[in-house]
Amino acid sequence: MLNRLWQKLFLAFAVLSVATLLSLYLLQQRAFQRDFLEYVNRIGLERLEQASVRLGKRYEEVGNWSFLVRQVRLFNNFLDGVETLPGRGPPGERDERSDFRDRPPPGERLPPPRDARPPRPQDQPPNDRRPFDRPPNDGPPAGGPEIRDDRRPPPGAEPPEMRTPLKRKVDPLNFQTRVLLLTADGQLVIGNPAVPRDSPSIDVKSRGQTVGRLLMAPLPELQSEADVSFARSLTRHTLIAAVVVLSCSLLLAWLLARWLLDPVRALSNGSQRLAAGDYRARIDVKRGDEFGALADDFNRLADTLERNQQARRDWGADIAHELRTPLSILRGEIQALQDGVRPVTTEALASLQSECDRLTALVGDLYQLALSDTGALEYRFIEMDLGAVVMDAADEHRRALTAAGLTLVIEALPTSMKVRGDEQRLSQLLGNLLVNARRYTDAPGTIRIQAARDAKNWKLCIEDSPPGVPTNLLPKLFDRLFRVETSRSRTAGGAGLGLAICRNIVEAHGGNIEAGASALGGLAITVSLPAIGKP
């Protein structure tokens with residue numbers, strides 16, 4: 001069985017090549033049987049047309065068809081382009097055996113020779129004789145000496161032409177046996193009487209009038225030994241050419257199948273390595289076709305998987321670090337209380353409560369992030385005013401910002417900022433952004449909120465005063481557990497999950513969130529949400 005793709009492609013190419021060659025062979029045989037015969041018949045008609053011109057000129061000189069009576073060889077010479085009998089001189093020279101005084105076709109009478117005496121009644125042929133026949137030599141005419149005609153054969157020895165027309169078989173290989181000359185009224189002059197009267201014909205004209213018709217029997221189906229031999233020779237050469245072409249086609253098909261499937265094999269090997277966990281697998285396919293594009297996609301997929309693997313490792317390490325820090329503090333303080341190193345006081349219990357709250361917040365953020373990543377957060381989209389949500393979030397966090405030594409400035413917002421969104425999730429978004437600004441802005445400092453609209457979106461910008469964020473770290477701010485504070489100082493606050501949750505909320509609303517440098521010297525977070533209505 002054919003289990004390999006290249007084998008199936010090779011078989012498909014082979015079947016296609018064989019079918020194409022077989023079709024060409026059948027068409028060639030049909031063309032030989034039909035078109036070749038048509039070509040030969042057309043050539044014969046052209047020869048017949050040329051012969052009609054020559055016969056018309058001679059008829060114009062003689063005035064009747066008597067010059068062709070019983071002159072088969074002369075007629076054949078006219079067909080071949082020679083107007084005399086073989087060996088009798090150039091055209092125009094008198095041919096003694098083509099005596100113009102020979103008998104004309106039926107219905108035509110030749111004028112008597114100049115040196116002949118007037119015909120006598122006894123010389124006239126009886127009514128039952130053909131006008132072409134001469135009277136038999138029954139004796140001397142009355143009242144004169146016996147006249148002998150040495151040219152006339154003895155009785156009973158007349159050639160066949162003088163008795164009855166000889167119906168020769170039409171020979172496909174002999175053009176002369178396929179031709180018949182008739183007078184204008186359809187009477188036979190010379191040629192093969194076996195030629196059908198409905199055969200293709202050419203008119204013979206003299207002085208603008210039709211004086212006869214040349215008929216040519218078309219070639220029948222090729223059945224003679226020469227025809228079969230020629231057909232066999234043509235078939236043999238065709239088969240030889242077909243074998244050569246088929247061999248070349250199969251070789252090219254094999255090479256093409258192997259060449260097409262080289263990148264497929266490379267992709268298969270790379271996929272097996274990825275499935276085994278080797279995300280460093282890459283394939284080197286330098287091609288400009290679809291296989292090259294597929295190889296590029298595979299390499300990008302491998303890069304993404306490798307980055308995700310590294311991010312998962314970092315994620316695990318960061319989660320362990322974030323959980324280990326408050327747990328270590330809790331364990332140390334509880335052990336100090338148990339050993340009596342630290343007395344059980346309200347301050348000690350408040351410290352333990354603070355670390356518990358920190359763990360609770362971290363677990364809550366992880367849970368929220370997991371829900372937002374999987375799209376499991378509940379959203380109830382309604383038409384709402386974004387400006388009202390901004391003012392509510394500012395009022396909620398204003399006291400905490402003031403206690404941290406920060407001034408919250410809200411520039412004049414538009415009277416109506418219509419968007420389609422979930423009010424609770426947008427409040428969570430603004431709360432996370434304000435908390436993040438409070439944690440990482442030095443006091444005294446400023447936090448400013450402003451809004452504007454372009455053609456399609458409302459753009460809400462929350463920016464703060466120094467410190468800022470290095471430009472190369474701006475794209476990483478929305479990664480999970482990423483913080484510019486590499487020491488993860490407890491005084492800096494959160495675990496680096498707030499901005500990741502913000503990105504998921506914005507994307508769920510069909511918007512976009514970006515980080516950039518603030519005109520105040522710190523960080524600027526710009527949120528774009530689709531607007532409702534025209535600006």
Here the gap from Leu430 atom CG to Ile462 atom CD1, rounded to the nearest 0.5 Å, amounts to 5.5 Å
Quick one, Met391 and Ile410 - any side-chain contact, counting heavy atoms below 4.5 Å? yes
Heavy-atom closest pair (Ile202 atom, Ser52 atom, distance to 0.1 Å) is CG2-OG, 3.6 Å
With a 4.5 Å cut-off on side-chain heavy atoms, are Arg213 and Ser201 touching? yes
Closest heavy-atom pair and its distance - Gln309, Gly277: NE2-O, 4.3 Å
Only distances under 3.5 Å count here; give the side-chain donor-acceptor pairs of residues 337-349 to other protein atoms, sequence neighbours excluded, each with its distance to 0.1 Å.
| from | atom 1 | to | atom 2 | distance (Å) |
| --- | --- | --- | --- | --- |
| Thr345 | OG1 | Glu347 | OE1 | 3.4 |
| Thr345 | OG1 | Ala348 | N | 3.3 |

Please give me the minimum heavy-atom distance between Gly516 and Leu474, naming the atom from each residue. CA-CD1, 4.0 Å
Is the count of non-hydrogen atoms from other residues, nucleotides or ligands lying under 6.0 Å from Glu49 atom CD greater than 12? no
Residue pair Pro530 / Trp458, side-chain heavy-atom distance below 4.5 Å: no
When you compare the side chains of Arg425 and Asn504, does any donor N or O come within less than 3.5 Å of an acceptor on the partner? no
Between CG on residue Leu433 and CD on residue Gln428, distance to nearest 0.5 Å: 10.5 Å
Quick check for you: to the nearest 0.5 Å, what is the distance between Asp454 atom CG and Ser528 atom OG? 7.0 Å
For Ser465 and Thr446, indicate whether the former's side chain and the latter's backbone hold a donor-acceptor pair under 3.5 Å. yes
Any sub-3.5 Å donor-acceptor pair from Asp203's side-chain atoms to Lys205's backbone N or O? no
Within the 4.5 Å heavy-atom criterion, are Val419 and Asp385 side-chain neighbours or not? no
On a heavy-atom basis, which atom in Met216 and which in Ser199 lie closest, and how many Å separate them? O-CB, 3.1 Å
Any side-chain heavy atom of Leu426 within less than 4.5 Å of one from Leu529? yes
Below 4.5 Å, heavy atoms only, C-beta onward: do Val195 and Val179 meet side chain to side chain? no
Determine the sole option in Val506, Asn512, Ile505 for which the side chain to side chain contact (heavy atoms under 4.5 Å, CB included) test with His509 is passed. Ile505
Could you pull out the closest heavy-atom pair between Ala404 and Ala443, with the gap in Å? O-CB, 3.2 Å
Would one find more than 12 heavy atoms of other residues, nucleotides or ligands at under 6.0 Å from atom NZ of Lys476? no
Single hit among Leu406, Ile447, Leu434, Leu408 for side chain to side chain contact (heavy atoms under 4.5 Å, CB included) with Arg398: Leu408
Do the side chains of Leu267 and Leu294 get nearer than 4.5 Å, heavy atoms only? yes
Any chance you could lay out the side chain to side chain contact (heavy atoms under 4.5 Å, CB included) test for Arg420 and Ile382, step after step, and finish with the verdict? CA-CA 5 Å; Arg420 184 173 180 80; Ile382 60 173; 5.6 Å; no
Got a salt bridge between Arg448 and Asp464, using NZ or NE/NH1/NH2 to carboxylate O under 4.0 Å? no
Rounded distance (nearest 0.5 Å) linking atom CD1 of Ile334 with atom CG of Leu327: 9.5 Å
Please name the pair of heavy atoms, one in Phe298 and one in Gly270, separated by the smallest distance, quoted to 0.1 Å. CZ-C, 3.3 Å
Tell me whether Glu423 at atom CD has more than 12 heavy atoms from other residues, nucleotides or ligands lying less than 6.0 Å away. no
What's the spacing between Ile43 CD1 and Leu45 CG if we round to 0.5 Å? 9.5 Å
Hey, could you give me the CZ/CD1 distance between Arg273 and Ile283, rounded to the nearest 0.5 Å? 10.5 Å
Could you go through the side chain to side chain contact (heavy atoms under 4.5 Å, CB included) check for Ile449 and Val409 one step at a time? CA-CA 6 Å; Ile449 301 177; Val409 177; over 6 Å; no
Apply side chain to side chain contact (heavy atoms under 4.5 Å, CB included) to Gln450 and Lys459, showing your working. CA-CA 8 Å; Gln450 54 185 353; Lys459 291 185 177 295; over 6 Å; no
Option passing side chain to side chain contact (heavy atoms under 4.5 Å, CB included) with Leu301 (candidates Asn299, Asp297, Leu305): Leu305
Take Arg503 and Glu514 through the side chain to side chain contact (heavy atoms under 4.5 Å, CB included) test and state the conclusion after the steps. CA-CA 9 Å; Arg503 180 180 60 183; Glu514 297 177 346; over 6 Å; no
Looking at Asp278 and Arg280, does any basic side-chain N land under 4.0 Å from a carboxylate oxygen? yes
Ile525 vs Ile513 side-chain heavy atoms within contact, under 4.5 Å: yes
